[in-house]
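One-based numbering along the sequence shown. Because the structure is a prediction, the values reported are computed rather than measured.
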Amino acid sequence: MAYSSYFDITPSKVLIDDSADGIDISIAYRTIEDLYGRNVFLVNREDIALSLKKYEKNISHITIDRLYPNGLKILFETYPSVFKLHIP
């Protein structure tokens with residue numbers, strides 16, 4: 001396999017869905033920092049999902065897609081809220 005830096009994942013090309021309730025996006029971005037600079041073809045999506053679920057307990061399902069040439073798209077589905085707290 002030939003190597004090219006053209007396919008290295010860059011932080012500006014990683015998209016994480018921030019519309020999911022109960023997910024701290026800053027934790028998600030910190031969790032995947034070690035992926036930056038790695039080849040997009042060699043990324044193991046199951047390892048990424050397990051790592052994200054380790055730190056974000058509210059995730060029920062994760063979808064990870066490769067955005068060619070050098071990005072990722074991560075979408076979260078969360079468990080439904082058990083209760084909502086309103087403090088006046």
Side-chain angles (χ1 to χ4, degrees):
M1 172 183 236
Y3 173 78
S4 173
S5 62
Y6 183 70
F7 296 108
D8 288 347
I9 296 173
T10 58
S12 62
K13 300 293 183 180
V14 175
L15 305 172
I16 297 181
D17 178 25
D18 61 352
S19 64
D21 291 334
I23 300 295
D24 189 349
I25 296 302
S26 62
I27 292 174
Y29 275 109
R30 277 186 266 141
T31 302
I32 62 164
E33 281 180 348
D34 62 335
L35 297 176
Y36 302 147
R38 291 179 57 195
N39 191 300
V40 73
F41 296 109
L42 302 177
V43 171
N44 187 337
R45 291 183 271 195
E46 289 90 23
D47 288 345
I48 297 170
L50 288 174
S51 179
L52 287 166
K53 284 184 178 183
K54 177 180 175 184
Y55 295 107
E56 296 280 352
K57 303 296 184 191
N58 196 32
I59 297 173
S60 63
H61 182 72
I62 300 175
T63 304
I64 301 171
D65 295 321
R66 292 180 177 105
L67 299 176
Y68 298 106
N70 58 352
L72 293 174
K73 179 178 170 184
I74 302 173
L75 302 173
F76 298 114
E77 290 181 27
T78 59
Y79 293 109
S81 297
V82 176
F83 62 90
K84 291 194 183 242
L85 177 66
H86 177 71
I87 300 174

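Annotation for Asp8 and Ser4: closest pair OD1-O, 4.0 Å, computed over non-hydrogen atoms. Here the shortest heavy-atom pairing between Tyr79 and Ser60 reads CE2-CB, 3.5 Å.
The CD1 atom of Ile9 lies 8.5 Å from the CZ atom of Arg66; values are rounded to the nearest 0.5 Å. Taking OG1 of Thr31 as the reference point, atom CG of Leu50 lies at 12.5 Å (rounded to 0.5 Å). Here CD1 of Ile62 is found 8.0 Å from CD1 of Ile23. Values are rounded to the nearest 0.5 Å.
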- Ile32 and Ile74: CA distance, side-chain angles, deciding distance, side chain to side chain contact (heavy atoms under 4.5 Å, CB included) verdict: CA-CA 10 Å; Ile32 62 164; Ile74 302 173; 4.1 Å; yes
- Determine, stepwise, if the pair Leu67 / Lys13 fulfils side chain to side chain contact (heavy atoms under 4.5 Å, CB included). CA-CA 8 Å; Leu67 299 176; Lys13 300 293 183 180; over 6 Å; no
- Task: Could you please spell out the steps behind the side chain to side chain contact (heavy atoms under 4.5 Å, CB included) verdict for Asn70 and Val40?
- Result: CA-CA 6 Å; Asn70 58 352; Val40 73; 5.7 Å; no
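In the hydrophobic clustering of this structure, Tyr55 does not group with Ile64; members are Ile, Leu, Val, Met, Phe, Trp, Tyr whose side-chain heavy atoms approach within less than 4.5 Å, directly or through other members. Tyr68 and Leu75 sit in two unconnected hydrophobic clusters of ILVMFWY residues. Membership requires side-chain heavy atoms under 4.5 Å apart, directly or through other members. In this structure, Phe76 is not a member of the same hydrophobic cluster as Ile27, with clusters built from ILVMFWY side-chain heavy atoms closer than 4.5 Å.
Under the 4.5 Å side-chain criterion, counting only non-hydrogen atoms from C-beta, Glu77 is not in contact with Ile59.
Ring to ring, Tyr29 and Tyr36 are not that close: their centroids are 6.0 angstrom or more apart.
A distance-only check finds no donor-acceptor pair linking the side chain of Ser51 to the backbone of Asp47 [under 3.5 Å].
Enclosure of atom OH in Tyr6 is not indicated, since only 12 or fewer non-hydrogen atoms of other residues, nucleotides or ligands lie within 6.0 angstrom.
Residues meeting the side chain to side chain contact (heavy atoms under 4.5 Å, CB included) test with Arg38, sequence neighbours left out: Leu35.
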